[in-house]
Amino acid sequence: MYNFTCLKVEKLPNCEFVFHVQLNRPTKLNAMNMVFWDEIGKCFEQLSKDPDCRTIVLSGAGKAFSVGLDLKENDVVNGLNDAGADDFARKAFLLGRKIRQMQQCFTNINECPKPVIVVMHGYCLGGGVDLITACDIRIATKETQFSIKEVDVGIVADVGTLNRINKVCGNDSWIREVALTGRNFGAEEAYHNHLISRVCSTKEEALNEALKMAESIALKSPIAVQGTKINLNYSRDHSIQDSLNFVATWNQSQLFSEDVPKSAMATLMKSPFPEFSKL
Ligand SMILES: CC/C=C\C=C\CC(=O)SCCNC(=O)CCNC(=O)[C@H](O)C(C)(C)COP(=O)(O)OP(=O)(O)OC[C@H]1O[C@@H](n2cnc3c(N)ncnc32)[C@H](O)[C@@H]1OP(=O)(O)O
């Protein structure tokens with residue numbers, strides 16, 4: 001069902017409802033080629049609807065999380081040579097469509113109602129930063145090098161970083177510094193500026209932390225967890241009053257869930273959460 005070339009997707013045998021998605025082009029440091037873009041969008045569309053998935057851990061196989069756009073194998077860098085259009089306006093039209101399609105691939109991660117915990121190690125460059133800003137919780141190893149590297153390859157970052165990072169960390173001066181210079185920064189600096197929420201010594205430790213967190217979320221009511229992510233996304237994108245209205249409308253149906261008395265009873269009795277119906 002999850003059969004991809006550039007991604008490895010596993011349902012973890014001893015963590016029920018937790019999926020591990022790995023970027024899986026290790027010999028290319030998980031550079032993002034066109035197959036990758038197509039697959040990451042489809043993968044998160046599928047996971048969004050999969051009732052056996054409640055939380056997702058995303059990481060990179062090999063030496064690095066991702067070095068961003070594949071500069072050798074990419075329709076955008078190649079100027080859409082294969083688009084079959086000679087006229088400038090038509091080329092531009094098709095390029096706009098391609099960029100929007102690529103944006104949607106990472107937007108699928110943000111719109112997936114299941115929380116996505118991303119683990120970075122090695123390098124997280126360019127498109128890698130676009131990707132992590134679409135995730136919910138960011139954990140990195142202490143040696144990770146980050147860069148909003150697009151200026152170094154002559155482009156404006158256009159698949160999420162510039163649009164989401166202000167909502168993620170809010171330090172506008174620092175964001176402008178790293179986006180305009182393209183300089184590398186380390187995990188401590190990323191933590192200090194709220195781009196990530198944990199720094200771990202090794203990839204193994206970071207993955208363990210992420211999996212433990214994913215499992216603890218997956219044990220809770222999926223109605224409550226997925227509703228929480230949807231409402232956090234909504235309030236990020238709307239005024240306080242609009243999002244108060246949204247959550248009131250949300251809960252006027254969702255408070256009738258069977259999960260409410262089941263969760264409340266388990267919490268009161270200090271007992272483990274019961275099984276919740278699939279969602
Ligand atoms: C619509 C547009 C959407 C998204 C746009 C995103 C923009 C960006 O992502 S901008 C950032 C682009 N990335 C880069 O500029 C990084 C380039 N790579 C490097 O600078 C170095 O590889 C390094 C990260 C500093 C690591 O160096 P090192 O440890 O010496 O490894 P290498 O031998 O250089 O790399 C190993 C292997 O990976 C290939 N590779 C690395 N980066 C890319 C890349 N971006 N695209 C394609 N391939 C890449 C490299 O060529 C090597 O492959 P071989 O086959 O072994 O040669």
Side-chain angles (χ1 to χ4, degrees), residues 1-2 4 7-24 30 39-62 65-66 106-122 124 128 131-142 144 164 168 187 190-191 194-233 236 259 262-263 266-267 271-279:
M1 187 183 170
Y2 291 95
F4 298 112
L7 300 175
K8 185 173 170 194
V9 183
E10 297 167 289
K11 185 175 181 311
L12 295 182
N14 33 8
C15 294
E16 217 189 349
F17 298 117
V18 177
F19 275 65
H20 186 192
V21 177
Q22 286 181 78
L23 313 185
N24 197 27
N30 298 317
E39 291 187 346
I40 193 95
K42 286 193 174 134
C43 176
F44 276 87
E45 218 174 84
Q46 257 177 270
L47 288 167
S48 290
K49 295 178 195 146
D50 186 340
D52 288 322
C53 170
R54 290 187 184 169
T55 45
I56 300 150
V57 172
L58 178 61
S59 69
F65 174 69
S66 175
F106 289 169
T107 296
N108 285 357
I109 299 176
N110 186 242
E111 286 178 349
C112 171
K114 289 79 192 267
V116 182
I117 304 167
V118 64
V119 170
M120 287 81 72
H121 75 291
C124 177
L131 196 170
I132 66 162
T133 56
C135 298
D136 297 291
I137 298 167
R138 286 162 289 277
I139 299 178
T141 62
K142 63 176 191 290
T144 309
R164 295 195 169 100
V168 169
Y191 176 77
H194 304 172
L195 177 60
I196 62 176
S197 55
R198 287 192 197 194
V199 181
C200 294
S201 298
T202 61
K203 183 181 174 190
E204 194 191 2
E205 185 191 324
L207 271 176
N208 280 340
E209 294 272 306
L211 290 170
K212 248 194 301 174
M213 198 186 294
E215 195 177 18
S216 84
I217 296 170
L219 289 173
K220 296 178 197 294
S221 153
I223 286 277
V225 167
Q226 294 179 37
T228 297
K229 174 165 175 178
I230 290 166
N231 274 276
L232 282 169
N233 282 358
R236 177 198 58 201
D259 296 14
K262 281 165 88 174
S263 303
T267 299
S271 55
F273 285 115
E275 263 185 39
F276 295 105
S277 305
K278 289 191 176 174
L279 182 65

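For Asp136, the salt bridge (charged side-chain N to carboxylate O under 4.0 Å, His left out) test picks out Lys229, with sequence neighbours left out. Every residue two or more places apart in sequence or in another chain was checked for a salt bridge (charged side-chain N to carboxylate O under 4.0 Å, His left out) with Lys8, and none qualifies. When the salt bridge (charged side-chain N to carboxylate O under 4.0 Å, His left out) test is applied to Lys142, no partner is found at least two apart in sequence or on another chain. Under the side-chain hydrogen bond (donor to acceptor under 3.5 Å, both in side chains) criterion, Asp52 pairs with Lys278, sequence neighbours left out. Residues that satisfy the side chain to side chain contact (heavy atoms under 4.5 Å, CB included) test with Ser271, not counting sequence neighbours, are Ala266, Met269. Scanning for ring-ring contact (aromatic ring centres under 6.0 Å, His included) contacts around Tyr2 gives Phe19, with sequence neighbours left out. Among residues two or more places apart in sequence or in another chain, the side-chain hydrogen bond (donor to acceptor under 3.5 Å, both in side chains) test is passed with Glu39 by Thr5. Legend: residues meeting side-chain hydrogen bond (donor to acceptor under 3.5 Å, both in side chains) with Thr144, ordered by chain and number and at least two apart, are Thr141. Contacts of Phe106 classified as ring-ring contact (aromatic ring centres under 6.0 Å, His included), with partners at least two apart in sequence or in another chain: Trp37. The side chain to side chain contact (heavy atoms under 4.5 Å, CB included) test applied to Pro222 returns Arg54, Gln226, Asp259, Phe276, Leu279, not counting sequence neighbours.
Remark: Arg164 CZ to Ile132 CD1 distance equals 12.0 Å, nearest 0.5 Å.
The number of heavy atoms from other shown groups lying within 6.0 Å of CZ (Phe273) is above 12. Within 6.0 Å of NZ on Lys262 lie more than 12 heavy atoms contributed by other residues, nucleotides or ligands.
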Ignoring hydrogens and angles, write down the donor-acceptor pairs under 3.5 Å from the side chains of residues 194-201, residues two or more places apart or on other chains.
| from | atom 1 | to | atom 2 | distance (Å) |
| --- | --- | --- | --- | --- |
| Ser197 | OG | Arg138 | O | 3.4 |
| Arg198 | NH1 | Glu209 | OE1 | 2.4 |

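Listed by first then second residue, pairs satisfying salt bridge (Lys or Arg N to Asp or Glu O under 4.0 Å) with a partner in residues 108-117 number zero, not counting sequence neighbours.
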